[in-house]
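Have a look at the structure below before the remarks.
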2 protein chains.
Amino acid sequence: MTLSRHSDALRAAQMYYLQDLTMDAIARELRTSRSTVSRLLSAARDTGLVQIQIRNPLDTGPELESMIRREYNVDVHVVPVLESLNEAETLDRVAMQAARTIGPLVDSNAIIGIAWGSTLSAVSRHLTRKITHDTVVVQLNGAGNMHTTGITYASDIMRRFGSAYGARVEQFPVPAFFDHAATKTAMWNERSVQRILNLQARMSIAVFGVGSVDADYPSHVYAGGYLDESDLKVLAHSDVVGDVATVFFRRDGSSDGIVLNERSTGPALSQLRQVRRRICVVSGASKINGLRGALSAGLATDLILDEATARRLVGFGGAARPNG
Amino acid sequence: MTLSRHSDALRAAQMYYLQDLTMDAIARELRTSRSTVSRLLSAARDTGLVQIQIRNPLDTGPELESMIRREYNVDVHVVPVLESLNEAETLDRVAMQAARTIGPLVDSNAIIGIAWGSTLSAVSRHLTRKITHDTVVVQLNGAGNMHTTGITYASDIMRRFGSAYGARVEQFPVPAFFDHAATKTAMWNERSVQRILNLQARMSIAVFGVGSVDADYPSHVYAGGYLDESDLKVLAHSDVVGDVATVFFRRDGSSDGIVLNERSTGPALSQLRQVRRRICVVSGASKINGLRGALSAGLATDLILDEATARRLVGFGGAARPNG
DNA sequence: AAGCACTATGCACAAACGTGCAGAATGGAG
DNA sequence: CTCCATTCTGCACGTTTGTGCATAGTGCTT
């Protein structure tokens with residue numbers, strides 16, 4: 001029966017992590033085999049029963065982190081990754097650490113806003129379970145485009161977040177961009193849409209990546225058929241450097257007068273800034289310009305990024321890691 | 001140099017605990033030996049860089065815990081210990097788990113009130129370091145008696161708490177009990193004493209054990225020469241079941257009219273109840289009566305105790321552990 | 001500059017741990 | 001009750017990790 005198993009896992013976790021007993025000793029106490037204890041513990045970790053947190057004292061942390069922290073006023077987590085790793089492997093490592101960093105921040109009664117994109121997809125694959133109550137996961141921006149409804153892609157991400165935290169999932173079934181601003185206005189008055197907007201307005205946590213117009217591998221948004229020729233041309237002329245949840249901004253963080261935003265379904269930057277905890281995950285140094293804009297706009301309270309990007313962010317190119 | 005070592009420890013901890021790499025892989029990345037990584041990680045754990053927490057979802061927890069939780073309205077942590085262990089070993093295990101449970105609760109700017117006694121002594125020996133700022137550890141009650149100033153004993157406990165959290169330590173250099181209530185009144189007006197009282201009034205965390213008059217091995221208070229014959233006789237006649245920080249109470253939690261309290265240096269129960277987080281650590285089923293009184297008095301918000309005592313607390317004697 | 005006390009490192013070995021696999025236990029469905 | 005599908009268990013093996021010891025490094029004193 002699964003209930004006694006859960007209870008055994010709890011006992012085992014306490015004895016292993018809090019009392020420093022060996023699995024062997026625990027096995028004897030629980031009258032089972034050592035392998036079972038090993039599996040109980042691994043289950044305890046997977047289900048979020050055991051929470052492992054790394055807290056680096058802000059002031060003794062590495063040079064790099066404190067520079068970013070000071071300059072942009074965000075809580076920064078630099079993910080150490082071997083330089084030789086390729087883009088995909090780096091993303092995987094960053095996503096894993098991001099997932100585990102987010103975990104402890106999620107609490108019962110939270111309303112978690114989630115964007116979509118390759119970064120969030122990767123993060124969603126690494127979430128560890130954590131049992132919470134009355135938590136809601138709400139989609140930040142629509143995912144439909146001219147070719148697909150985008151539903152499966154975005155909803156996979158949402159679903160994974162939902163099941164990791166035992167949360168209700170609220171999708172946002174609209175396209176990423178409307179063709180006409182008027183449609184958006186109309187839709188925004190629909191009660192079904194307003195329910196989502198209302199949830200967004202009450203978010204306690206938001207998680208998003210950034211898009212950068214000049215990234216080596218452009219984000220979904222710039223490549224995936226969400227925007228047409230003329231849209232891209234307009235973007236280029238308005239000095240846009242990137243986006244968060246399909247809302248665009250310039251290098252200095254401003255977004256006024258960017259017409260495309262009037263057709264976008266993402267939350268206005270001013271609204272995003274209201275959210276208590278805003279977690280930005282970035283992997284890949286080529287997103288640097290988008291990231292700079294997002295930070296200038298004050299969109300993030302927490303920034304999780306790989307080491308190479310962190311170094312580019314503060315200026316020194318690709319030198320060896322500064323060690324103290 | 002210790003600074004680069006700290007930074008390496010942080011990197012290693014992130015890679016090991018957050019990215020699931022093996023120590024071998026980390027060693028290669030850090031250009032050092034695997035053994036060094038093993039030691040870095042162990043240092044990271046010892047210095048509180050890595051925080052491991054066990055959170056059992058309140059509603060799926062073992063029967064025993066939820067019964068206590070409901071009945072006494074405290075956050076309870078039952079420490080699983082083998083029944084065959086003797087008193088001392090049990091205390092050690094409970095103390096270890098208590099120390100690690102307290103760790104995550106301590107934060108910068110906290111004012112931590114600490115009682116003294118064999119339980120707290122044991123706990124103090126198992127604390128894991130955690131770097132905080134402007135934290136203060138303050139002694140809850142005096143420790144002097146007719147034979148000794150009690151300074152070394154109590155101050156060892158205090159010192160260990162202080163160094164674990166990098167906190168300032170504020171001793172309370174008075175006897176446990178004054179001979180005359182008038183002396184207490186006088187002393188309480190001294191500015192040196194008021195500084196301590198003032199700190200106590202602003203405590204955010206208090207940690208204490210309980211004394212029980214009928215315990216198998218009576219607490220220091222009842223055995224250590226703190227009270228004389230007539231004191232003990234008076235206690236017996238006022239239905240006192242136990243004490244917290246040398247303040248006495250009856251089984252129903254009341255303490256009015258217990259004259260000895262007028263000479264005691266511990267915080268009034270009403271004052272203790274003001275503290276946000278009040279952690280009571282108990283090991284040994286013979287303290288059950290003192291514990292019942294303390295809980296009735298609402299002295300604890302968190303209770304950490306061994307399994308046998310927990311079972312006695314809810315009534316069923318020493319049966320096999322209930323397993324869901 | 002030399003000496004000294006202390007700490008950090010790598011090696012090698014032993015202890016502890018994770019996991020594929022085959023068999024046992026469990027829980028429905030007929 | 002019997003069958004089947006699924007889950008759980010212990011074993012055995014290979015991998016990963018902790019640690020005593022000898023050596024190398026570091027910083028402080030004279």
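Lettering follows sequence order; numbering is per chain, from 1.
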Expected rows: protein N/O vs nucleotides 18-20 of chain C N/O, under 3.5 Å:
from   : atom 1 : to      : atom 2 : distance (Å)
C:dG18 : OP2    : A:Ser38 : OG     : 2.8
C:dG18 : O6     : A:Arg34 : NH2    : 2.8

Rounded distance in Å - [atom1] ([X]) to [atom2] ([N]):
{"X": "B:Leu30", "N": "C:dA8", "atom1": "CG", "atom2": "C1'", "value": "14 Å"}
{"X": "B:Leu21", "N": "D:dT16", "atom1": "CG", "atom2": "P", "value": "12 Å"}
{"X": "A:Asp24", "N": "D:dG10", "atom1": "CG", "atom2": "C1'", "value": "13 Å"}
{"X": "B:Leu40", "N": "C:dG10", "atom1": "CG", "atom2": "P", "value": "10 Å"}
{"X": "B:Ile26", "N": "D:dT15", "atom1": "CD1", "atom2": "P", "value": "19 Å"}

Return the set of residues passing side-chain hydrogen bond (donor to acceptor under 3.5 Å, both in side chains) with [X] (not counting sequence neighbours), or none when no residue passes.
{"X": "A:Arg277", "answer": "A:Asp302"}
{"X": "A:Thr132", "answer": "A:Thr135"}
{"X": "A:Thr309", "answer": "A:Asp306"}

Min side-chain heavy-atom separation B:Asp75-B:Leu303 under 4.5 Å: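 They are not in side-chain contact.
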Kindly list each side-chain donor-acceptor pair under 3.5 angstrom involving residues 95-102 of chain B, sequence neighbours excluded, with atom names and distances?
from     : atom 1 : to      : atom 2 : distance (Å)
B:Gln97  : OE1    : A:Gln19 : NE2    : 3.1
B:Gln97  : NE2    : A:Gln14 : OE1    : 2.8
B:Arg100 : NH1    : A:Tyr17 : O      : 2.9
B:Arg100 : NH1    : A:Asp20 : OD1    : 3.1
B:Arg100 : NH2    : A:Asp20 : OD2    : 2.8
B:Thr101 : OG1    : B:Gln97 : O      : 2.6

Set of side chain to side chain contact (heavy atoms under 4.5 Å, CB included) partners for B:Glu170, sequence neighbours left out: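 Result, side chain to side chain contact (heavy atoms under 4.5 Å, CB included) vs B:Glu170: B:Val136, B:Val138, B:Arg168, B:Arg195, B:Ile196, B:Leu199.
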Listed partners of A:Gln53 passing side chain to side chain contact (heavy atoms under 4.5 Å, CB included), at least two apart: A:Pro104, B:Gln51, B:Gln53
Rounded (10°) bend between the five-pair end axes of the helix from C:dA1-D:dT30 to C:dG30-D:dC1: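 The angle separating the two end axes equals 30°.
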Results of salt bridge (Lys or Arg N to Asp or Glu O under 4.0 Å) for A:Arg70 - residues two or more places apart only: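 In terms of salt bridge (Lys or Arg N to Asp or Glu O under 4.0 Å), with neighbours along the sequence ignored, A:Arg70 is linked to no residue.
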Distance test, side-chain N/O of A:Thr32 to OP1/OP2 of D:dG10, below 4.0 Å: yes
